[in-house]
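Both ligands and their constituent atoms are indexed starting at 1 by order of listing.
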Amino acid sequence: MNQNKGLNSEYYQSLTRNMILTVVIVSFAPMILVSGVIFSQFRESYNEKVYVHLDELTMKHQHNIDNFINEKMNNIRFLAKTSSFEELSDESFLRKRLATFRQEYDNVFEDLGMINEQGLQIAYAGPFDLAKAQYFEADWFKKAIKTQYFISDVFLGLRDLPHFIVAVRQNFQGRYWILRATINFVAFNDLVTNIRIGKTGFAFILNRKGELQTQKTILEALPSKDIYTDLLKNRKKDEGKVYIVEAVDDFGNKNIYSSAFLKNGDWMLICQQNKADAFSSLKRNQSFAVLIFFIGGCGIITTALLLSRKMVGRIAKADHEKEIMNQKVIETSKLAAVGELAAGVAHEINNPLTTILTTAMLIQEDIDPDGQMYADLEMVAKETLRCRKIVTSLLDFARKTKPAKKPCNINEIVAECILLTRKKAAFNEIAIAQNLSEEIPTVLLDKDQIEQALINIILNAVEATSPGGSVTILTTFFPQDEVIEIAIVDTGEGIAADNIDKLFDPFFTTKESGTGLGLAITHGIIEQHGGTINISSKPGQGTTFTIRLHANRDNNDEH
Ligand code: ADP
């Protein structure tokens with residue numbers, strides 16, 4: 001009958017699933033789209049920010065270091081230009097100048113030296129014992145003598161300490177000589193090694209051969225020089241701008257390298273930072289966004305789940321109510337049709353039945369009461385009477401006359417019913433008991449109809465009960481609801497669960513000679529009085545029929 005058996009039926013389950021899916025898709029699709037666009041834009045601008053920051057930082061340090069070196073070179077140039085060869089060859093003059101430089105530049109100048117064309121240091125001022133030192137074979141001297149201004153790489157030299165040299169070549173009486181100064185490595189080194197970028201970023205300087213020009217300790221920890229030499233090789237010497245690449249080192253770490261040339265392209269300043277470090281705050285934001293997304297997603301799914309279940313629950317309820325209504329309409333029209341048919345048939349059958357009965361009785365008067373024929377006619381009369389009984393019940397069922405209500409006392413009606421059924425109960429050895437409330441008010445009822453309904457139930461109870469059992473009739477009044485309750489309790493065989501729903505259907509019977517109309521008529525009567533009738537039964541233990549009638553309502557006016 002009802003294909004939608006509650007929320008668990010496949011139809012409602014798939015409806016719930018579809019609803020959840022729709023809500024989730026409709027909510028998630030724009031959320032994913034918008035988040036994706038925002039995130040990719042954010043990542044792009046963050047990327048740009050990191051690169052711009054590195055670019056600016058590298059450029060700033062490039063200027064700082066170049067300024068540092070050029071400043072020292074300019075000092076030596078100025079000294080060479082403004083002093084004569086004799087003055088510069090005088091060690092006491094050199095010492096005085098060195099003292100001035102050291103005072104001015106925080107001891108950045110280590111020493112000063114005059115070197116002739118043959119590489120001999122003809123004058124020296126400084127802390128080392130380098131007077132008359134021979135530099136002819138020194139690599140830096142070979143380069144310095146060929147160019148007017150020269151800045152060396154960092155090297156150990158005769159003093160066995162890392163330093164570098166700035167040198168100026170001058171011409172005196174057709175011969176070259178060189179004025180050179182040694183620059184304190186520590187001061188220069190600090191300029192670079194103090195550079196810090198994020199948590200992992202640091203800087204260093206390489207010459208064009210890829211040799212480190214700043215302190216070794218950091219570079220010893222560096223994984224691969226290939227990356228740096230690649231950076232050097234692929235760049236043009238005069239390129240002024242900062243060049244940024246990303247590469248994976250020997251340890252599998254992805255780093256960002258920003259590089260810029262120093263010293264007119266002889267050296268390269270490289271700032272290196274771990275990419276994860278550079279993008280750590282982006283990562284943090286990303287994780288936060290994912291968390292928010294996850295929480296939001298859970299919220300959407302839970303809401304979709306709850307809403308869908310609630311909505312489907314309501315739809316199922318509405319469907320169920322509609323189904324019941326439909327069934328009622330079908331049943332009512334079915335009953336009306338059956339009733340009409342039955343009334344017509346009953347009316348037509350009643351007259352022939354009377355004729356058969358009277359004829360049988362007339363023949364009986366004329367024959368021997370002990371003969372076989374008499375007994376046969378007795379049977380004809382008995383069966384005809386049974387037919388009459390069925391016809392009367394059918395007419396009762398079909399007629400459904402409007403109750404003629406008068407003020408009645410339910411207890412009195414019950415007492416009368418007991419009186420009328422007592423004989424049959426006694427015959428079946430069934431005890432009939434009563435427990436009637438004294439509070440029962442007088443109500444408007446059709447006494448005959450209610451009596452008929454009660455007798456039907458009581459007789460059924462008696463018939464269903466084995467000898468020795470009992471049938472008890474109770475009346476109760478519930479003042480709050482203004483309801484009168486009549487319960488007929490038997491200790492009979494009970495009713496099978498499958499049959500309970502069919503009990504009020506016309507012609508449903510389990511008895512051999514039953515009509516199946518008793519309870520259908522009873523149900524009609526109680527309904528016409530605006531009451532309800534319920535059955536509870538335990539097979540093998542007994543059955544209770546409960547009738548509820550409203551105490552004050554005049555149901556005649558209702559329908
Ligand atoms: P009939 O009595 O002619 O069978 P009814 O409509 O009065 O028709 O009853 C229908 C059926 O309901 C009965 O055949 C019987 O099986 C069942 N029934 C009614 N009352 C009881 C009861 N108290 N205990 C067990 N079965 C009952």
Trace of the side-chain contact (heavy atoms from CB on, under 4.5 Å) decision for Thr472 with Gln434: CA-CA 5 Å; Thr472 312; Gln434 60 179 45; over 6 Å; no

Run the numbers for me: atoms of ligand 1, each under 4.0 Å from some heavy atom of [X], listed by number.
X      : value
Thr543 : 24 (N)
Gly514 : 3 (O)
Phe545 : 20 (N), 23 (N)
Ala461 : 23 (N)
Phe508 : 10 (C), 11 (C)
Gly494 : 25 (C)
Ala464 : 22 (C), 24 (N), 25 (C)

Lys275 NZ/CZ over Phe279 ring centroid, <6.0 Å and within 45° of normal: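 Ring-cation test returns yes.
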
CE (Met361) with more than 12 external heavy atoms under 6.0 Å: no

Verify the neighbour count for atom NZ of Lys511: are there more than 12 heavy atoms of other residues, nucleotides or ligands below 6.0 Å? yes

Give the single entry among Val471, Asp505, Asn460 that approaches atom 19 (C) of ligand 1 most closely by any heavy atom. Asn460

If you take the nearest heavy atom of each of Thr509, Leu459, Asn499, which one is closest to atom 4 (O) of ligand 1?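 The option holding the nearest heavy atom is Thr509.
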
N/O donor-acceptor pair under 3.5 Å between Ser537 side chain and Ile495 backbone: yes

With distance as the sole test, does Thr509 use its side chain to make a donor-acceptor pair with the main-chain N or O of Thr515 at under 3.5 Å? no

Among all protein heavy atoms, pick the one closest to [atom] and tell me residue, atom and distance.
atom                    : answer
atom 17 (C) of ligand 1 : Leu503 CD1, 4.1 Å
atom 2 (O) of ligand 1  : Lys511 NZ, 2.6 Å
atom 8 (O) of ligand 1  : Gly516 CA, 3.3 Å
atom 14 (O) of ligand 1 : Thr510 N, 2.8 Å

Would you say atom 24 (N) of ligand 1 has a protein heavy atom nearer than 4.0 Å? yes

What pair of heavy atoms forms the shortest contact from [X] to [Y], and how long is it?
X      : Y      : result
Ile270 : Ser259 : CG1-CB, 4.1 Å
Thr465 : Ser470 : CG2-N, 3.9 Å
Ile244 : Ser258 : CG1-CB, 3.6 Å

Applying a strict 4.0 Å limit to heavy atoms, is Gly542 in contact with ligand 1?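 Contact check Gly542 vs ligand 1: negative.
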
Going by heavy atoms, is Gly492 under 4.0 Å from ligand 1?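 False for this residue.
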
A side-chain contact here means heavy atoms from C-beta on lying under 4.5 Å apart; do Phe293 and Ser35 qualify? yes

Location of contacts on [X] toward ligand 1, heavy atoms closer than 4.0 Å:
X      : result
Leu519 : both
Ile495 : side chain
Asp490 : side chain

Ion pair present between Glu463 and Lys424, side-chain N to carboxylate O less than 4.0 angstrom? yes

Would you check, one step at a time, whether the test side-chain contact (heavy atoms from CB on, under 4.5 Å) holds for Thr546 with Thr532? CA-CA 8 Å; Thr546 311; Thr532 59; over 6 Å; no

What I want to know is whether Thr515 and ligand 1 share at least one N or O pair that is separated by under 3.5 angstrom. yes

